[in-house]
A.B. asks: 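Once you've had a glance at the structure underneath, I'll fire off some questions.
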2 protein chains.
Amino acid sequence: MRRLAEELGAEAMSLYYHVAKKEDVLDGIVDVVAEEVNDAAARVDSGPDWKGTARRRILAARQVFLRHRWAPGLFATRSSTSMAVLEYYDNLVALMREDGFSHDRIHHALHALGSRALGFTQELFDPGTGASAEVPAEVAERLPNLVGMLSEIAHDDPDSTLGWCDDQAEFEFGLDLILDGLDRLRERD
Amino acid sequence: MRRLAEELGAEAMSLYYHVAKKEDVLDGIVDVVAEEVNDAAARVDSGPDWKGTARRRILAARQVFLRHRWAPGLFATRSSTSMAVLEYYDNLVALMREDGFSHDRIHHALHALGSRALGFTQELFDPGTGASAEVPAEVAERLPNLVGMLSEIAHDDPDSTLGWCDDQAEFEFGLDLILDGLDRLRERD
DNA sequence: ACCTGAACACCGTTCAAGT
DNA sequence: ACCTGAACACCGTTCAAGT
């Protein structure tokens, strides 16, 4: 609050005339970003199949989060969801409904996708942070399989030494895995 | 820190003799929980196929997080990963390796699973928090598809009014979607 | 070796008082 | 209507001083 007020050329206490508490400010920021996501998603043209359209929408949403890298962390802390986020999911429900999914299946799908539907995943651990070369021998011995995997991947693709792990390709792999799986279930709906 | 010290019957400042900063305490807690997860995973007996074994391990890990519901939130805030967590993933790599996966495919798989491999998912929004009946008409009109979906699901399964959405079934659905997808790819490795 | 009191630099927030 | 200074109740952390 104090920092935000300074940025605005005012005192921290002045903020409390416009807003009840800090949480409300954060909720507002989430809303702004979510609107930006909705705008981006609305600009993708829809094709004949739900899967392609969903994929393009989600990748468009992802672009917004790539521009605001602090946003996923913020979204994760919010408990009550913003109206704009709900509208995004609402549109996804409509899209799947049009292609024959049952409500029950869509419900499962939303849970399975989680934040991936919005275009981001929170990486729990970044296996690439420490390149295999930097790992002290002592810990490497306790992680033979992980270290083996990482060293082979680094070897195969030496260009990506900085970030050997291509986040975009990674995201698309996981996304397609889920979308394809859901599409297969659709045929039974 | 002050609260923790009180719980221990000491002053907050005493903690700093044993630990450098608060973050180290949190890292330690993560380690303890992760060891608990490793113990649980080690107790499941491995079957002939990687998929079944992975599934049982992950569901055993999940039990640990169900006992410590604050843990997922804690894990999400950590940036550097604990050794114990890495060991858990190392074991997963070994399991998939034995069943013919390439290193590259395993790498993708770990990213696709994310925290689900450890047995939990961070729900970005809980569509069930507000039962459809409680939703004010004004917002319901802006979310026709979501409200329609939720009301039908609530109608189909009136027993689960409190938590109409069965987390365990939800988790297993998403997990199987990914494991099945990966298994199909394995046949091409 | 282990603990503590006093103190510092931060927070978010309240409220009576200013213009 | 909008802003502010002083103040409160919290944080994590340091450090010299205690036993």
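Each chain gets a letter, A, B and so on, in the order the sequences are listed, and its residues count up from 1.
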A.B. asks: Would you call the rings of Phe120(A) and Phe75(A) parallel, tilted or perpendicular if under 30° counts as parallel and over 60° as perpendicular?
C.D. replies: perpendicular
A.B. asks: Using a heavy-atom cut-off of 4.0 Å across all strands, would you classify Met1(A) as base, sugar-phosphate, or nothing?
C.D. replies: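 Touches sugar-phosphate only.
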A.B. asks: Any side-chain N or O of Arg2(B) below 4.0 angstrom from OP1/OP2 of dT13(D)?
C.D. replies: no
A.B. asks: In the structure shown, which nucleotide is the Watson-Crick or G-U wobble counterpart of dT14(C), with both distances under 3.5 Å?
C.D. replies: dA6(D)
A.B. asks: Could you please spell out the steps behind the side-chain contact (heavy atoms from CB on, under 4.5 Å) verdict for Thr77(A) and Leu26(A)?
C.D. replies: CA-CA 10 Å; Thr77(A) 64; Leu26(A) 297 178; 5.6 Å; no
A.B. asks: Should His18(A) be listed as having a side-chain N or O under 4.0 Å from OP1 or OP2 of dA1(D)?
C.D. replies: no
A.B. asks: Out of dG5(D), dC3(D), dT13(D), which nucleotide sits closest to the side chain of Glu11(A)?
C.D. replies: dG5(D)
A.B. asks: Between His103(A) and His107(A), is the ring centre distance below 6.0 Å?
C.D. replies: no
A.B. asks: Please pick, from dG5(D), dG12(D), dC15(D), the nucleotide with the shortest atom-to-atom distance to any side-chain atom of Met13(A).
C.D. replies: dG5(D)
A.B. asks: When you match Ala12(B) and Ala12(A) each to their closest nucleotide on DNA chain D, which lands nearer the 5' end?
C.D. replies: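 In this pair, the answer is Ala12(A).
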A.B. asks: Could you state the atom-to-atom distance from NZ of Lys22(B) to C1' of dC10(C) in whole Å?
C.D. replies: 13 Å
A.B. asks: Can you check the Leu8(B) CG to dT4(C) P distance for me, whole Å?
C.D. replies: 11 Å
A.B. asks: Figure out the OH/P separation between Tyr16(B) and dG5(C), and round it to whole Å.
C.D. replies: 16 Å
A.B. asks: Of the candidate nucleotides dT13(D), dC2(D), dC3(C), which contains the atom at the shortest distance from the side chain of Tyr17(B)?
C.D. replies: dC3(C)
A.B. asks: Could you tell me how far apart Leu15(A) (CG) and dC11(C) (P) are, to the nearest whole angstrom?
C.D. replies: 13 Å
A.B. asks: Tell me whether Arg105(B) contacts the main-chain N or O of Arg186(B) through its side chain, where contact means a donor paired with an acceptor under 3.5 Å.
C.D. replies: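 A pair under 3.5 Å: no.
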A.B. asks: Do any N or O atoms from the side chain of Asp90(B) and from the backbone of Leu146(A) form a donor-acceptor pair under 3.5 angstrom?
C.D. replies: yes
A.B. asks: Please tell me if Ser14(A) has a side-chain N or O lying less than 4.0 Å from either OP1 or OP2 of dT4(D).
C.D. replies: yes
A.B. asks: Does a side-chain N or O from Arg3(A) land closer than 4.0 Å to OP1 or OP2 of dG12(C), or not?
C.D. replies: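 Result: no.
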